[in-house]
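One structure below.
Note that the structure is a prediction, hence the values are computed from the model and not measured. Numbering of ligands and ligand atoms starts at 1, following listing order.
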Amino acid sequence: MIQLKVELGSRSYPVFIGQGLLSSDRVLGKVLTKEKSLVITNKKVGSLYFEELETAIRALGVEVTPLFIEDGEKHKNLETLSFIYDELIRQGYGRQSSIIALGGGVVGDIAGFAAATYQRGVPFIQIPTTLLAQVDSSVGGKTAINHSLGKNMIGAFYQPEAVIIDIGTLSSLPKRQVSSGLAEVIKYGLIRDAEFFSWLDANMHNLTNGQTEALCYAIEKSCSLKAEIVSQDERENGTRALLNFGHTFGHAIEVSGQYTKYLHGEAVAMGSMLALNMSRSMGFLDVSDVEKVRTVLKSAGLPTTPPNLGKSLYLKLMQRDKKVKNGRIRLVLLKDIGEAYISDDYDSKSLEFLLSMEG
Ligand code: NAD
Ligand code: GLY
């Protein structure tokens, strides 16, 4: 088992990565409060993994109840949150009770926001079961629900007590979802670690084939890069925004597909291609760098040709980005593979030209 730490002073917490951790009362025992716990999950994930987790929690003498929410991004909303609050109150959960998120990023984000706000904050544990949640959403304390006018518009920074990553759960994950998570893994290499990017280039077939050792290394590397960034800038006043590489374009693509056409990672992959081309227009990167990234994304099973939305729609949707400052869209671009920066002094005409080429 690998153990990392997100360093945030008194709110620091461990990230455990390994096989069989779901049923490890040793790991759970280190982080679970002794009062009762509510496991928020959905029917799909719950039917696969709740029983194992339940046995481990009961072995610690802690009462545990599952709460099933509807599956899918469209249920990451106020209605589901309200349902969770109703159950927490009805079943008498108190401040020493734990909320455990068992599932992908949707479950993690909404359970985390419920934990942040119920009785002004109760202990929370993330047990992510998608690759995307294991390498990104479960670490760093961003919790949120969507509003009909925008994604993740209502939320809080609220750090978990621990993140428990059981890579065994990836065995049941559909290939398309694995690819979606790989987009975020590739992102870490692009923004922060050229050597890791080269490793991904050489090992992508092992990752797409679900090889345990390769997956473990990619998850460990991704989590440690994210932990380092979050430790430096928990509330995204600077460096943390680099984690949004490909996302400003990607969110526009995701919204255009009404969150059903493209998975998050697919939109990020296409958004990354736009960000790379924009970086080139700033005088950074070679064509060969851009093509190399395209090859890696493709070998991860990801799309690399952004949809034709037209520049007006792209710009309108990109204006909703949380990084927009004084009406100006700020872009995360690359100076080189492994070196990202935030730019607001790009040439608007170049951006419009790029988006109209796509549109
Ligand atoms: P998801 O939670 O919708 O999971 C994808 C699908 O896989 C779902 O149908 C789910 O039920 C299923 N699933 C989960 N684990 C499984 C398993 N082990 N085996 C089989 N099926 C399984 O999607 P996601 O990609 O995990 O997360 C996307 C969400 O994460 C979005 O809402 C996004 O906004 C959020 N997100 C948050 C952060 C953050 O920092 N908080 C970062 C990135 C993304
Ligand atoms: N997923 C981006 C972040 O956590 O900041």
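- Contacts with ligand 1 closer than 4.0 Å are made by no heavy atom of N146, backbone or side chain.
- Looking at every heavy atom in both residues, A59 comes nearest to D25 through CB-OD2, 3.8 Å.
- The minimum heavy-atom distance linking S350 with M278 is given by the pair CB-CE, 4.1 Å.
- Using a 4.0 Å cut-off to heavy atoms of K151, the atoms of ligand 1 that qualify are 31 (C), 32 (O), 33 (C), 34 (O).
- Among Q126, H75, E73, the residue whose heavy atom sits closest to atom 32 (O) of ligand 1 is E73.
- Atom 24 (P) of ligand 1 has as its closest protein heavy atom G105 N, 3.5 Å.
- The side-chain tip of K36 points at the ring of Y93 from less than 6.0 angstrom away and within 45° of straight on.
- Counting non-hydrogen atoms of other residues, nucleotides and ligands closer than 6.0 Å to NZ of K34 gives a total above 12.
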For this session: Just do the side chain to side chain contact (heavy atoms under 4.5 Å, CB included) check on D109 and S137 with the steps written out, would you?
Result: CA-CA 8 Å; D109 276 13; S137 62; 4.3 Å; yes
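- Between the side chains of S172 and Y49, at least one donor N or O sits under 3.5 Å from an acceptor N or O.
- Remark: distances from the non-hydrogen atoms of K226 to ligand 2 include one below 4.0 Å.
- By the 3.5 Å distance cut-off applied to N or O atoms, G72 is not counted among the residues near ligand 1.
- At under 3.5 Å, a nitrogen or oxygen of K44, whether backbone or side chain, sits near a nitrogen or oxygen of ligand 1.
- Within 6.0 Å of the CZ atom in R328, the count of heavy atoms belonging to other residues, nucleotides or ligands exceeds 12.
- Residues K221 and Y188 fail the side-chain proximity criterion, which asks for heavy atoms closer than 4.5 Å.
- Below 3.5 Å of separation, one finds an N or O of D136 facing an N or O of ligand 2.
- Contacts of D71 with ligand 1, taken as heavy-atom pairs under 4.0 Å, involve the side chain alone.
- Protein heavy atom closest to atom 15 (N) of ligand 1, with residue, atom name and distance, is T129 OG1, 2.7 Å.
- Scanning all protein heavy atoms for the shortest distance to atom 26 (O) of ligand 1 gives T130 OG1, 2.6 Å.
- Classified by interplanar angle (parallel below 30°, tilted 30° to 60°, perpendicular above 60°), the ring pair H251/H247 is perpendicular.
- Those atoms of ligand 1 with a heavy atom of Q177 less than 4.0 angstrom away are 5 (C), 6 (C).
- Any N or O atom pair closer than 3.5 Å counts here, and N42 shares at least one such pair with ligand 1.
- Counting only N and O atoms by type, the side chains of E161 and Q126 include no donor and acceptor under 3.5 Å apart.
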Exercise. Given the rule in the side chain to side chain contact (heavy atoms under 4.5 Å, CB included) test, do S97 and T33 qualify, once you have shown the distances and angles that lead to the verdict?
Worked result: CA-CA 7 Å; S97 314; T33 53; 5.8 Å; no
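- Less than 4.0 angstrom separates some heavy atom of D136 from each of these atoms of ligand 1: 42 (C), 43 (C).
- Checking only distances, K142 does come within under 3.5 Å of ligand 1, N or O to N or O.
- The distance criterion of under 3.5 Å between nitrogen or oxygen atoms is not met by H264 with respect to ligand 1.
- At the shortest separation from atom 13 (N) of ligand 1 among protein heavy atoms lies V45 CG2, 3.7 Å.
- Distance from atom 38 (C) of ligand 1 to its nearest protein heavy atom, with residue and atom name: S137 CB, 3.2 Å.
- Considering backbone and side-chain N/O of R240, one or more are found under 3.5 Å from N/O of ligand 2.
- For the pair K187 and F245, the cation-pi test (distance below 6.0 Å, angle within 45°) is failed.
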For this session: Evaluate the salt bridge (Lys or Arg N to Asp or Glu O under 4.0 Å) criterion for residues D321 and K323: first the C-alpha distance (whole Å), next the side-chain angles of each, then the deciding distance (0.1 Å), finally the verdict.
Result: CA-CA 5 Å; D321 191 84; K323 288 186 300 305; 2.9 Å; yes
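- By the 3.5 Å distance cut-off applied to N or O atoms, D109 is counted among the residues near ligand 1.
- Nearest non-hydrogen protein atom to atom 16 (C) of ligand 1 is L173 CD1, 3.6 Å.
- Contact atoms of ligand 1 toward Y49: 18 (N) (distance under 4.0 Å to a heavy atom of the residue).
- Y85 and T117 are linked by a side-chain donor-acceptor pair at a separation below 3.5 angstrom, with hydrogens and angles left out of the test.
- For E73 and T260, the side-chain atoms include no donor-acceptor pair closer than 3.5 Å.
- Residues G265 and A183 come closest through the heavy atom pair O-CB, 3.2 Å.
- Remark: ligand 1 atoms within the under-4.0 Å shell around heavy atoms of N152 are 34 (O).
- Numbered from 1 in the order shown, with element, the atoms of ligand 2 that lie under 4.0 Å from a heavy atom of L243 read 2 (C), 3 (C), 5 (O).
- Residue V106 touches ligand 1 through backbone and side chain together, judged by heavy-atom distances below 4.0 Å.
- When non-hydrogen atoms are compared, ligand 1 lies under 4.0 Å from the side chain of K226 (C-beta onward) but not from its backbone.
- In L132, the part holding a heavy atom less than 4.0 Å from any atom of ligand 1 is the side chain.
- Across S172, A183, G103, heavy-atom proximity to atom 19 (N) of ligand 1 is greatest for S172.
- At least one N or O atom of K76, backbone or side chain, sits closer than 3.5 Å to an N or O atom of ligand 1.
- The neighbour count for Q211 CD, taken as heavy atoms of other residues, nucleotides or ligands under 6.0 Å away, is above 12.
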